[in-house]
Protein chains: 2
Amino acid sequence: MKLQQLRFLAAVAQTDLNLTAAAAKLHTTQPAVSKQLKLLEEELGVSIFVRNGRAFTKITPAGERVVMYALRLLREAQNIKGVSQEFKDEEQGALSIGTTHTQARYVLPAVIRQFREKYPDVEFHLHQGALEHLAEMAQLDRIDFAIATGSQDLFRKCVLLPCYQWHRRIIVPADHPLAHVKQPQLEELAAHPLVTYVFSFTGPSSLQETFAAAGLRPKVALTARDSDVIKTYVRLGLGVGIVAELALDPKDDADLVSIEAAHLFPVHTTWIGFARGGLLRRYMYDFIHLMAPHLTRRVVDLAAVCGSQEEVNALFANIQLPVR
Amino acid sequence: MKLQQLRFLAAVAQTDLNLTAAAAKLHTTQPAVSKQLKLLEEELGVSIFVRNGRAFTKITPAGERVVMYALRLLREAQNIKGVSQEFKDEEQGALSIGTTHTQARYVLPAVIRQFREKYPDVEFHLHQGALEHLAEMAQLDRIDFAIATGSQDLFRKCVLLPCYQWHRRIIVPADHPLAHVKQPQLEELAAHPLVTYVFSFTGPSSLQETFAAAGLRPKVALTARDSDVIKTYVRLGLGVGIVAELALDPKDDADLVSIEAAHLFPVHTTWIGFARGGLLRRYMYDFIHLMAPHLTRRVVDLAAVCGSQEEVNALFANIQLPVR
DNA sequence: TACAGTTACGGACCGCGTAAGCATA
DNA sequence: TATGCTTACGCGGTCCGTAACTGTA
């Protein structure tokens, strides 16, 4: 059993069992992968893949378990390399972050600016994408951190730490009937077509449910993944916008009237997640700390050794998170 | 970075940094180890060992961490092999158990007889030793299970599951003054020299403390690791014996008078421990179940995913254990 | 002088890449 | 015919064992 064989195995398992594609990703040739997988299976004495003729159709039950342990093994290998580089140079390395539009656009710029000042030699990668996209990248270890809001279910292999909370605000053009209502009720809101986030309609704290609980069925004019898109369509008069408070800029959005909505909708929590069992470099701790001052190294370590996300949540149950 | 290099590293770290000895244990030559370690250090870019001239004197801080991850990696490698064999043949493999005298002599024979009937093809190894000895073997992954009573502190890397509880009994020759006392008090006991286990004098539930709490300082004639030794010296009239109830055989020990002592001393719990993160084969689950019927596969799995021994203990806090 | 680690060197092995073969859609 | 896995083969690298060397008790 060689490390490389396990790397091959992991790549194939993560590439829909396509050896050719896996080989390309591994910067090697397809016969090499083919042969090593066969050797590995021979050595272990079990079939890892179900072959239909020459095609790899699926993974056997034994294979599932082998792949699981192989992934954990490879993570430890990563940890060894990571800890070595940590001791070689604490301020060099790479940091890949996956996040959603709102964070990337409104929150992270300030954080990243500070981070880059402190660690100019750390290579920084920012990937923006939908939640499902982020979950997949986290799963494949393509990103060190995922930063997002809402549903934790997709990130089963990650430790998710709450960073801060935020409220929604209602935005309308200055000439809109709601523009002068200070504390609109759900009924008033439901009378107008809405423009809001796609993700606001999934998960436990969805708008849908809030309205439904009040016996209302709002009309949705448009959903977007992107606050700027929502603002644009609100400006066009398409409907009443519901956006994150932190996505509103006093200057740039001065033409829109924004109305408090904290009394209508539940609060949202933005979290940062990293692979359970992954090594955190010093600059990674620092990045987390920049994102959320209450997440000190000690707190992060405490959460990292938790066996499940429920434990982590319990850890933060009584903590007052910053609101932005 | 090669698997072999990590195996070499682990062996050296576990052999007092003696390359020659490590090489012997690995069935290879010393220059091979020497070279691979050097290559590993070069690749990682950190010194793992502190060299004094040519002698390896200690492990660097970076080395400590690397070794830690390497051990975890090697465990996953073991798991891969284990799970493969599990699928090849559920009833073949090996089981190494380390335990103390009392368990080996009075409890395990029945368990092992049943186990061997069920799994005749599993190679069975039983190692008897002192608690510290067992802890070391567990640390080095030389045994799959450790079975012992009392102090859990030495087994930090293990998950310890409570199996059953037992009380001490007092044993005296038939002509001893205490022979006719039904419920002796600590004062009466302290009036005679005692013969008991060495380990009874360490840990939180020690005899020492029980007597001290009553303001007494008993005279100890002899301590042994072995119930049979204690009985022998009690027969010789050396003193009053305090032994585990389960070490008394109605037939063989008919010449001794045994007296209830549950009212005097706290109860003892015998546990079975295995490496956290280690793979449990089917026959291993079955062995545990034979040891303690309440430890079903489900319960064991539940405990195995706990992050700390405290969690495990909490899991069993409300369980009524069998007493033997 | 015994012991422990390093250096040097030759041979065996192994893993990769190229190229040709062979199924399936 | 195109795609994708397998087999065959040769090259280059690597790892190990032997042996000679070096520093230390």
Side-chain angles (χ1 to χ4, degrees), chain A residues 1-60 62-63 66-67 70 73-74 77 80-81, chain B residues 1-60 62-63 66-67 70 73-74 77 80-81:
Chain A
M1 186 166 53
K2 304 274 154 49
L3 264 181
Q4 220 114 343
Q5 296 175 328
L6 300 179
R7 273 192 276 266
F8 287 6
L9 174 63
V12 170
Q14 293 177 348
T15 326
D16 298 325
L17 310 190
N18 182 326
L19 299 216
T20 310
K25 199 159 68 177
L26 292 161
H27 306 294
T28 184
T29 61
Q30 183 273 321
V33 176
S34 182
K35 187 171 187 184
Q36 291 309 316
L37 287 185
K38 171 164 292 196
L39 283 176
L40 180 62
E41 284 184 313
E42 273 173 23
E43 181 179 344
L44 296 180
V46 290
S47 301
I48 296 175
F49 302 102
V50 179
R51 291 158 171 83
N52 189 353
R54 308 202 152 191
F56 283 49
T57 54
K58 60 178 185 176
I59 303 187
T60 64
V66 170
V67 167
L73 186 150
L74 292 173
I80 289 176
K81 286 188 196 148
Chain B
M1 185 166 54
K2 304 274 154 48
L3 262 181
Q4 222 118 341
Q5 295 176 328
L6 300 179
R7 272 192 277 265
F8 287 6
L9 175 63
V12 170
Q14 293 178 347
T15 326
D16 299 325
L17 309 189
N18 182 325
L19 298 217
T20 310
K25 198 158 68 176
L26 293 160
H27 306 294
T28 185
T29 60
Q30 183 272 323
V33 176
S34 182
K35 187 171 187 185
Q36 292 308 318
L37 287 184
K38 169 163 292 193
L39 283 176
L40 180 62
E41 284 182 313
E42 274 173 23
E43 180 179 343
L44 295 180
V46 290
S47 300
I48 296 175
F49 302 102
V50 179
R51 291 159 172 81
N52 189 354
R54 310 203 150 188
F56 283 47
T57 55
K58 60 177 184 178
I59 303 188
T60 64
V66 170
V67 168
L73 186 151
L74 293 173
I80 290 176
K81 285 186 196 151

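Numbered from 1 within each chain, the chains take letters A, B, ... in sequence-line order.
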Review point. Hey, is NZ on A:K58 packed in by over 12 heavy atoms from elsewhere, all under 6.0 Å?
Key: no
Review point. Tell me, which of residues 30-48 of chain B have any heavy atom that sits under 4.0 Å from an atom in DNA chain C?
Key: B:Q30, B:P31, B:S34, B:K38
Review point. Base, sugar-phosphate, or nothing for B:F8, non-hydrogen atoms under 4.0 angstrom?
Key: sugar-phosphate
Roughly how far, to the nearest 0.5 Å, is [atom2] of [Y] from [atom1] of [X]?
| X | Y | atom1 | atom2 | value |
| --- | --- | --- | --- | --- |
| A:I59 | A:S47 | CD1 | OG | 12.5 Å |
| A:I80 | B:L9 | CD1 | CG | 7.5 Å |
| A:K2 | A:R7 | NZ | CZ | 12.5 Å |
| A:L26 | A:L19 | CG | CG | 10.5 Å |

Review point. Hey, which of these two, A:A21 or B:Q4, hits DNA chain D nearer its 5' end, going by closest nucleotide?
Key: A:A21
Just wondering, do [Y] and [X] contact through their side chains at under 4.5 Å, heavy atoms?
| X | Y | answer |
| --- | --- | --- |
| B:L3 | B:L74 | yes |
| A:L39 | A:E42 | yes |
| B:Q4 | B:Q36 | no |

**Study point:** Sequence neighbours excluded, every pair satisfying ring-ring contact (aromatic ring centres under 6.0 Å, His included) that has a member inside residues 7-30 of chain A
**Key:** none
Study note, to complete from the structure: Quick note, ring-ring contact (aromatic ring centres under 6.0 Å, His included) partners involving residues 28-51 of chain A, not counting sequence neighbours, are A:F49-A:F56
Polar atom pairs (N or O), protein with nucleotides 21-25 of chain D, under 3.5 Å:
residue: D:dT22; atom: O2; partner: B:R54; partner atom: NH1; Å: 3.1

Exercise for review: Could you walk me through whether A:V12 and A:I48 pass side-chain contact (heavy atoms from CB on, under 4.5 Å), step by step?
Suggested key: CA-CA 11 Å; A:V12 170; A:I48 296 175; over 6 Å; no
Check your understanding: If we fit an axis to the first five pairs and another to the last five of the helix from C:dT1-D:dA25 to C:dA25-D:dT1, what angle do they make, to the nearest 10°?
Key -> 20°
Practice item. Calculate the interatomic distance between A:L17 atom CG and D:dC5 atom P; express it in whole Å. Key: 9 Å
Check your understanding: Under a criterion of less than 4.0 angstrom to any heavy atom of chain B, what are the 5'-terminal and 3'-terminal contacting nucleotides of DNA chain C?
Key -> C:dA4 to C:dT7
Practice item. Go through B:L17 and B:T57 one step at a time and tell me if the side-chain contact (heavy atoms from CB on, under 4.5 Å) criterion holds. Key: CA-CA 7 Å; B:L17 309 189; B:T57 55; 5.9 Å; no
Check your understanding: Okay, side chain of B:T15, backbone of B:N18: is any donor-acceptor separation there less than 3.5 Å?
Key -> no
Review point. Given D:dT18, is OP1 or OP2 found less than 4.0 Å from the side-chain N or O atoms of B:T29?
Key: no
